[in-house]
Amino acid sequence: QIKSFNDIKKGEGCSNNLFGGFTIPYFGDTAIKLNGDESVMAAIKDADISKVYAVDRLVKNYVFYSKRCTMVFGQ
């Protein structure tokens, strides 16, 4: 049982990509992954979460670079 916001853990899994700021019709995503793991499981392992309450995504696009993160909140 959660008693305060301080009891909630936050795990994060991010990847760094070359391009990725746009998609091409019929081809899809243009991102070329350089490193990292943006999966939900990577975020769960990051904070040792056993009960997941929420999952959120953050994407930052620049001209030739993009960073994509998955954040998991739980206990």
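A quick note: this is a predicted structure, and the numbers were derived from the prediction, not measured. One is the number of the first residue; the rest follow in order along the sequence.
Annotation for F73 and D56: closest pair CE1-CB, 4.4 Å, computed over non-hydrogen atoms. When all heavy atoms of T30 and F19 are compared, the pair lying nearest together is O-CB, 3.7 Å. Contact between G13 and A43 at its shortest, heavy atoms only, is N-CB, 3.8 Å. Taking all atoms of both residues into account, the shortest heavy-atom contact from A42 to D37 is CB-OD2, 3.5 Å.
With no hydrogens or angles considered, a side-chain donor-acceptor pair links R57 and T70 at under 3.5 Å. Remark: the Y65 side chain and the N17 side chain contain no N/O donor-acceptor pair separated by less than 3.5 Å.
Under the 4.5 Å side-chain heavy-atom criterion for Ile, Leu, Val, Met, Phe, Trp and Tyr, Y62 and L34 are members of distinct hydrophobic clusters. There is no path of hydrophobic side-chain contacts, each under 4.5 Å, that joins I8 to V72. Residues M41 and V52 are members of one and the same hydrophobic cluster, defined by side-chain heavy-atom contacts under 4.5 angstrom among Ile, Leu, Val, Met, Phe, Trp and Tyr.
One distance of note links CG of N16 with CG of N35; it measures 4.5 Å at 0.5 Å rounding. We find the CG-NZ distance between L18 and K33 to be 14.0 Å, quoted to the nearest 0.5 Å.
With hydrogens and angles disregarded, no donor-acceptor distance shorter than 3.5 Å links the side chain of S66 to the backbone of V59. The closest donor-acceptor contact from the side chain of D46 to the backbone of E12 lies under 3.5 Å. In this structure, the side chain of K9 engages the main chain of D48 through a donor-acceptor pair within 3.5 Å.
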Exercise for the section: Run the numbers on C14 and E38 for side chain to side chain contact (heavy atoms under 4.5 Å, CB included), then give the verdict. Expected result: CA-CA 4 Å; C14 296; E38 62 184 276; 5.9 Å; no
Practice task
Go through the steps to decide whether V55 and M71 satisfy the test side chain to side chain contact (heavy atoms under 4.5 Å, CB included), and finish with yes or no.
Solution key: CA-CA 6 Å; V55 177; M71 296 167 287; over 6 Å; no
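A salt bridge links D29 with R68: at least one charged nitrogen is closer than 4.0 Å to a carboxylate oxygen.
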